[in-house]
Amino acid sequence: MIYLDNSATTKQHPQVTAEMVKYMEENFGNPSSLYQLGVDSEKAVKNARKQLSEAMGLTQGKVYFTSGGTESDNMAVFGAVRAMKRRGNRIVTTSVEHPAVLECCKLLEERGFDVEYVGVDRNCRLDMEQLEAAIDENTILVTVMHVNNEAGTIMPVREIKSIMRRKNCQGIFHCDAVQSFGKLELPDGADLISVSGHKIHGPKGSGALYIRDRVNLPAFINGGGQEGGKRSGTENVPAIIGLGEAAALSQRNRGSDVKRMSKIRKYLMEGLQSEIGDIVVNSPCEAGGKAGQCCASVLNISFLGTRGEVLLHTLEQDGIYASTGSACSSNKKGDSHVLRAMGLTDKEIEGTLRFSFGCFNEKAEMDFVIDKVAAAVKRFRRLGSFR
């Protein structure tokens, strides 16, 4: 099996699993309990929080554990609006955010908030002039992802806080870093940062929200006061332990992992371009392009005259797993709000595949992938039914 859908989820690292099992079978106490079994669990949660904080590289705030990236995004968007609603009603985001942010913004629009959706270019690069024009003194929240999950484009998030200061905007800046965590340094100017465990070879159902000091979000889930009162409920200790371990591993191996993924992406892209005509690379990673525009883990390509969904299932028969786009939009077959916002044609969207890489991928696998993708594309084009 060659798994190339790591933007959807990753294979859990064996070391992560081993640590989690200890807290399922042996150290299973409730962290709120006063006896030793509970105290041991409480210490383990504190250690996982330290591991995550160190991996995120942010020292002016605290991380709060959640059930994943979606909850972290919801907690950030709705919490920021509740905290800032007396100062204005304007929200600035982008047209290519994850549904976990976009659906929150749509709901807030229905409740009377003014939401501006900033556009992107053909390679999903943000329109900075539109962004700057959108931010004003009444803006209470700016929420922009760090890396786009479909194109892999790195957004210029470090510039956003300076724009907010220049425009005298006192709003909160939230960054969805689900796709960038473990691969890039996180933006130290963001007030809120969302991350997820299962994108870094950790467990599903684990995530966190970083909240900068002096940013006071109201409680998202009320109850017994766990997680500093922000998210009540008995902690999912095994998942938290797994997230902490995965974060520590990603921090330790980030340099070598990113270097290897970058080589794999380049090799795969150039191999496909050499073997197949009429393809369009949608990620901003073409040879000669500016460095730092695309995350090393993602390669998005349109194979003209084909259907991505058919290619996907054909490759599956050869043990190759890729995707046609975001797993969270997989029920909307043949369409993508990200690719639409980028201005792709129907035919380009129809023939799109996303290859995404993780720590278990090797460059040597790509020759097999190139051969099988080329064979599938050429066979479908010969049939002529997909033009």
Under the side chain to side chain donor-acceptor pair (under 3.5 Å) rule, what do T143 and T93 come out as? Steps first, then yes or no, please. CA-CA 5 Å; T143 173; T93 187; 4.7 Å; no
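- Side chain to side chain, H174 and S194 meet the donor-acceptor criterion of an N or O pair below 3.5 Å.
- Distance check: L184 CG to S297 OG gives 8.0 Å after rounding to the nearest 0.5 Å.
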Evaluate E110 against K106 for salt bridge (Lys or Arg N to Asp or Glu O under 4.0 Å), listing each step before the verdict. CA-CA 6 Å; E110 294 173 4; K106 290 177 183 177; over 6 Å; no
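- A continuous path of Ile, Leu, Val, Met, Phe, Trp and Tyr side chains, each step under 4.5 Å between heavy atoms, connects V195 with V63, placing both in one hydrophobic cluster.
- Counting all heavy atoms, side chain and backbone alike, G229 lies closest to A219 at O-CB, 3.2 Å.
- Put simply, the side chain of S283 gets close to the backbone of A151: a donor and an acceptor are under 3.5 Å apart.
- Between M24 and I241, the closest side-chain pair of non-hydrogen atoms is not below 4.5 Å.
- In this structure, the side chain of Q130 engages the main chain of G119 through a donor-acceptor pair within 3.5 Å.
- Under the 3.5 Å distance criterion, the side-chain polar atoms of E25 are left unmatched by any main-chain donor or acceptor of K22.
- Counting heavy atoms from C-beta on, the side chains of M261 and K363 never come closer than 4.5 Å.
- The backbone N or O of V298 lies less than 3.5 Å from no partner atom in the side chain of S356, so there is not a single donor-acceptor pair.
- Side-chain contact between L249 and H201 is absent, with no heavy-atom pair separated by less than 4.5 Å.
- Under a hydrophobic-cluster definition in which Ile, Leu, Val, Met, Phe, Trp and Tyr are linked whenever side-chain heavy atoms come within less than 4.5 Å, directly or via other members, M269 and F303 are assigned to the same cluster.
- Note that NE2 of H337 is 11.0 Å distant from CE of M342, once rounded to the nearest 0.5 Å.
- Between F113 and I91 the shortest heavy-atom distance is CB-CD1, 4.1 Å.
- K183 and C295 make their closest contact through CD-SG, 3.7 Å (heavy atoms, listed as atom of the first residue, atom of the second, distance).
- Salt-bridge annotation for D191 and K161: present, with a side-chain N of the basic residue lying under 4.0 Å from a carboxylate O of the acidic one.
- D188 CG to T59 OG1: the interatomic distance, rounded to the nearest 0.5 Å, is 9.0 Å.
- At least one donor-acceptor pair closer than 3.5 Å links the side chain of S250 to the backbone N or O of A247.
- A salt bridge between R231 and E71 is present, with a side-chain N of the basic residue lying under 4.0 Å from a carboxylate O of the acidic one.
- In this structure a side-chain-to-backbone donor-acceptor pair under 3.5 Å is present from S72 to G68.
- For the residue pair T17/Q12, the side-chain donor-acceptor check at 3.5 Å is satisfied.
- R354 has a carboxylate O that lies under 4.0 Å from a charged side-chain N of D5, or vice versa, which qualifies the two as a salt bridge.
- If you chain together hydrophobic residues whose side chains sit under 4.5 Å apart, L312 and M1 never meet in one group.
- Side-chain atoms of E159 and S162 form no donor-acceptor pair, as typed in the model, at a separation below 3.5 Å.
- Within the 3.5 Å criterion, the main-chain N or O of G223 finds a donor-acceptor partner in the side chain of S232.
- Residues N282 and R122 have side chains that bring a donor and an acceptor to within less than 3.5 angstrom of each other.
- Annotation: side chain of Q293 is not in contact with side chain of I154 (no heavy-atom distance under 4.5 Å).
- Between G202 and T10 the shortest heavy-atom distance is N-OG1, 4.2 Å.
- Between the side chains of T153 and R125, no donor N or O sits under 3.5 Å from an acceptor N or O.
- Side chains of D136 and N168: a donor-acceptor N/O pair is absent below 3.5 angstrom, by distance only.
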Go through Q226 and Y64 one step at a time and tell me if the side chain to side chain donor-acceptor pair (under 3.5 Å) criterion holds. CA-CA 10 Å; Q226 293 88 345; Y64 297 85; over 6 Å; no
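- In terms of heavy-atom proximity, A248 sits nearest to Q51 at CB-NE2, 3.8 Å.
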Under the side-chain contact (heavy atoms from CB on, under 4.5 Å) rule, what do F357 and S7 come out as? Steps first, then yes or no, please. CA-CA 7 Å; F357 317 106; S7 287; over 6 Å; no
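- Panel note: side chain T314, backbone V310; a donor-acceptor pair is recorded below 3.5 Å.
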Can you check salt bridge (Lys or Arg N to Asp or Glu O under 4.0 Å) on D257 and R252, steps first, answer last? CA-CA 10 Å; D257 284 346; R252 190 179 311 139; over 6 Å; no
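- The aromatic ring centres of H146 and F181 sit 6.0 Å or more apart.
- No more than 12 heavy-atom neighbours from other residues, nucleotides or ligands sit within 6.0 angstrom of CD on E129.
- Under the 4.5 Å side-chain contact rule for hydrophobic residues, V144 and L141 do not share a cluster.
- When side chains are defined from C-beta on, F355 counts as touching L272, because their heavy atoms get closer than 4.5 Å.
- Connection of M56 to L217 is not established within any shared hydrophobic cluster, with ILVMFWY side chains joined at heavy-atom distances below 4.5 Å, either directly or through further cluster members.
- Taking all atoms of both residues into account, the shortest heavy-atom contact from A80 to L192 is CB-CD1, 4.3 Å.
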Run K62 and I211 through side-chain contact (heavy atoms from CB on, under 4.5 Å) and show every step you take. CA-CA 6 Å; K62 183 179 177 181; I211 303 178; 6.0 Å; no
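- The CG atom of L4 lies 10.5 Å from the CG atom of L353; values are rounded to the nearest 0.5 Å.
- Atom SG of C175 is separated from atom CZ of R158 by 9.0 Å, given to the nearest 0.5 angstrom.
- Residues D367 and Y267 have side chains that bring a donor and an acceptor to within less than 3.5 angstrom of each other.
- We find that R49 and E227 are joined by a salt bridge, their nearest charged nitrogen and carboxylate oxygen being less than 4.0 Å apart.
- Put simply, the side chain of V45 reaches to within 4.5 Å of the side chain of V237, judged on heavy atoms.
- Note that OH of Y210 and CD of Q60 are 6.0 Å apart. Values are rounded to the nearest 0.5 Å.
- Put simply, the side chain of S336 gets close to the backbone of V338: a donor and an acceptor are under 3.5 Å apart.
- Cation-pi geometry between K11 and F360 is satisfied (NZ or CZ under 6.0 Å from the ring centre, within 45° of the ring normal).
- A heavy-atom distance below 4.5 Å is not found between the side chains of N253 and C359.
- Put simply, the side chain of K372 never gets that close to the backbone of L315: no donor and acceptor are under 3.5 Å apart.
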Evaluate side chain to side chain donor-acceptor pair (under 3.5 Å) for K230 paired with N222, printing each intermediate quantity in order. CA-CA 8 Å; K230 305 293 185 188; N222 294 287; over 6 Å; no
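- Salt-bridge annotation for K347 and E350: present, with a side-chain N of the basic residue lying under 4.0 Å from a carboxylate O of the acidic one.
- Checking E245 against Q15 by side-chain atom types alone, a donor-acceptor pair falls below 3.5 Å.
- The shortest distance between side-chain heavy atoms of I172 and I140 does not fall below 4.5 Å.
- Taking 4.0 Å as the cut-off between side-chain N and carboxylate O, E132 and R166 count as a salt-bridged pair.
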